[in-house]
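Below, chains carry the letters A, B, ... as their sequence lines are ordered, and counting in each starts from 1. Model, not experiment: these values are computed from the prediction.
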2 protein chains.
Amino acid sequence: MPVPPSAQPLRTPRRRAPRNTLNPDRILDAAITLLDRDGTEAFTMRALAERLGVAPMAIYSHFRGKDEISDAVAQRLLDTVELPGACGAHPDRELREVCLGVYRLFTEHPSALQLLTTRPTRGDDALAVIDRMLTLLRACGLPRQDAVRAHVALMQYTVGSALWSTRRTRAMCEEGARERAKAKLRALPPERYPALASLVPELLCAQDDAAAQYEWGLDRLLRGLLAGV
Amino acid sequence: MPVPPSAQPLRTPRRRAPRNTLNPDRILDAAITLLDRDGTEAFTMRALAERLGVAPMAIYSHFRGKDEISDAVAQRLLDTVELPGACGAHPDRELREVCLGVYRLFTEHPSALQLLTTRPTRGDDALAVIDRMLTLLRACGLPRQDAVRAHVALMQYTVGSALWSTRRTRAMCEEGARERAKAKLRALPPERYPALASLVPELLCAQDDAAAQYEWGLDRLLRGLLAGV
DNA sequence: ACCTGAACACCGTTCAAGT
DNA sequence: ACCTGAACACCGTTCAAGT
C-alpha cells in the first residue's frame, strides 16, 4: 500500500558498485530474505536493489524482470524441501514425512507460497518431491493412475492448509485480533447459525494450532487414500 | 505489469456524473466483472472507476480503499455459494454437494479466490457455508471437536484444489503450453526421476480434468474423515 | 559485460475544491 | 453528501550512457 507523503529530502547518491558484485544466487538470497521478513507487498525491485547495494537496473542484467525472479525463488525453495532418508520398510510413514516437509517449508516461507500460487505453473516445480511421493505411493500398493491422483490430492491439501494457516497468522498479527475474533464468534446469532454457535469452544481451540490441524487432516486423508489396497 | 510507452495523447475530459450514480453494490458488481474478465493484475482503482464512468476518487466516498473493496468482493462471493436443499436423509451426500459448490464457485471466480488467499481473514467468511458443513458433519456422527477439524480440512482441501487448477488453467492459456509441458515431462531423466518418468501417461491424463481430480480426492478425504463413526 | 541515472507509464491515495 | 482534478509517493521497466 502506498505511503502518505513525507519529507525525505535527498538520498545519498550511491557510489558505483564494483563489477560482478551481483549474480543470480546473491539476488535470489536477498529476495528470499526480503520476502520472509517483510512479505510480498514489500518485495520490490527497488527494495531488492537497495538491499543488494546496487541501482535497481543492475538486477536486470541477471534476470529478465520481477516475474522471472519470482519463479526462480519458488523453484529454489521447492528444491530445499527436506526429504526423509529412504528406509523402505514403512512407505506410508515416509509419505507422511514428505508431506510434513512440504507443509513446513510453506509455513516457514509464507510469501514464497503466495508467490507460487500467484504465478502460473511452468510444470517443473518440485520434481524431486513429486518423484519421491509417487515412488512411495506405488510402494504402498496404489495402482499407477491412483498414485498420480493421490499425489495431486496430497499436494492440494498441503498447499491449501499452508495457505489457510499463514492467512490466519497474518490476521492474528494485528493488535487484539484474537480477542476481536473471539468476540465475533460469540456474538453469532444462534438461530441463524445453530451449529456454529454451539461449537464455539471447539472452533476457538481448533484455530490455535495450525500444525496439529494439518496433521489431523493429513492422517485422515492418507487413510482414505490408502484404504483397501 | 507496466506497459511500454505509447502515445495516447489526450483522454476525453469526463463530464460530471450525476449524484448517486454510485453505491456499494454497483461498485462490487463492477469489481467482480473486472476481476473475472481480466484478472487481479487488471483490478485497479482507476480501471474500476473507468468501468463505472466516474473519477477514481468517487469510489472513496463508498469504500475506505482498495483493500476494503477486495474484502467485500470475497465476502459477497462466498455468500453466493449454492447450498443444496436440506433433505437430511443422506448427510454425507449433502456434505459432498456443499464442497462441490464451494469448489465450483472458486473455479468460476479464480481471481476472487486469489483475493481471498492474499488478504488476511477477518474471520467472518462464509458463515452460512460453514454452519451447514458443521451441521452435516455432526449429522454424520462426528464428535464435536472432530466435526470442527473435519470442516477445516475440507475447506483447506477445496481451496488448495481450486488454486491448483486455476494455476494450471492460467498456465495453459499460453500458446502451445500444453505441448511444451508434455515435451518437458517426456524429457525427464529416468535415472533421476524414475517414478515420474514411468508415470508420464498417467500424469498427462490426470492433468486434463481438474474437476474429476477434485472429486476423486474429495471422496477419499470424506471416506477418511467419516470412517469408523 | 555489467552497472548507472533519468524518464515513462503506470499505481493507490491525500488534498482542496466544486456542486 | 457525493463527485472532481491535481498532486504525491510509490511501482516495473525502457533507454541511452558510462566503465
Exercise. 5'-most contact on DNA chain C: A:V54 or B:R19, nearest heavy atom basis?
Worked result: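 In this pair, the answer is A:V54.
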
Any base atoms under 4.0 Å from [X], or only sugar-phosphate, or nothing? Heavy atoms, all strands.
X: B:A17; result: sugar-phosphate
X: B:M57; result: base
X: A:A58; result: base

Salt-bridge contact [X]-[Y] (side-chain N to carboxylate O under 4.0 Å):
X: B:R51; Y: B:D38; value: no
X: B:R76; Y: B:D71; value: no
X: A:E215; Y: A:R96; value: yes

Please report, rounded to the nearest Å, how far the [atom2] atom of [N] is from the [atom1] atom of [X].
X: A:F63; N: D:dG12; atom1: CZ; atom2: P; answer: 15 Å
X: A:E68; N: D:dT13; atom1: CD; atom2: P; answer: 10 Å
X: B:R46; N: D:dT4; atom1: CZ; atom2: P; answer: 14 Å
X: B:M45; N: D:dC8; atom1: CE; atom2: P; answer: 20 Å
X: A:E41; N: C:dC11; atom1: CD; atom2: P; answer: 17 Å
X: B:R64; N: C:dT14; atom1: CZ; atom2: C1'; answer: 14 Å
X: B:K66; N: C:dT13; atom1: NZ; atom2: P; answer: 8 Å
X: B:I59; N: D:dC3; atom1: CD1; atom2: P; answer: 10 Å

Exercise. Which nucleotide in the set C:dT13, C:dC11, D:dC3 lies at the smallest distance from any side-chain heavy atom of B:P56?
Worked result: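 Out of C:dT13, C:dC11, D:dC3, the nucleotide with an atom closest to B:P56's side chain is C:dT13.
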
For this session: Measure from the side-chain heavy atoms of A:A55 and tell me the nearest of C:dC11, D:dG12, C:dG5.
Result: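 Nearest to the side chain of A:A55 among the choices is C:dG5.
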
Does a side-chain N or O from [X] land closer than 4.0 Å to OP1 or OP2 of [N], or not?
X: B:S61; N: D:dA1; result: no
X: A:H62; N: C:dA1; result: no
X: B:Y60; N: C:dT14; result: no
X: A:T21; N: C:dC3; result: yes

For this session: Report yes or no: is the cationic atom of A:K66 (NZ for Lys, CZ for Arg) closer than 6.0 Å to the six-membered ring centre of A:F43, at no more than 45° off its axis?
Result: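 Yes, a cation-pi geometry.
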
For this session: Give a yes or no on whether a donor-acceptor pair under 3.5 Å exists between the nucleobase atoms of C:dC3, that is its base, and the side chain of A:R16.
Result: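 Looking at the base of C:dC3, it does pair with a donor or acceptor on the side chain of A:R16 (distance under 3.5 Å).
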
Exercise. Around B:E82, counting heavy atoms of other residues, nucleotides and ligands shown, do more than 12 lie under 6.0 Å from its CD?
Worked result: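 Not more than 12 within 6.0 Å, no.
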
Exercise. If you round to the nearest 0.5 Å, how far is OG1 of B:T135 from CG of B:D131?
Worked result: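 Going from CG on B:D131 over to OG1 on B:T135, the span is 4.5 Å.
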
Exercise. Are the side chain of B:Y157 and the backbone of A:T158 linked by a donor-acceptor contact shorter than 3.5 Å?
Worked result: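 Not confirmed, B:Y157 side chain does not pair with A:T158 backbone.
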
Exercise. Which string of ( ) [ ] | and . matches DNA chain D, if you list each base 5' to 3' and count Watson-Crick or G-U pairs only when both distances are under 3.5 Å?
Worked result: ||.|||||...|||||.||

Problem set entry | Validation row: B:R167, A:L116 side chains within 4.5 angstrom (heavy atoms) |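 They are in contact (side-chain heavy atoms under 4.5 Å apart), so the answer is yes.
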
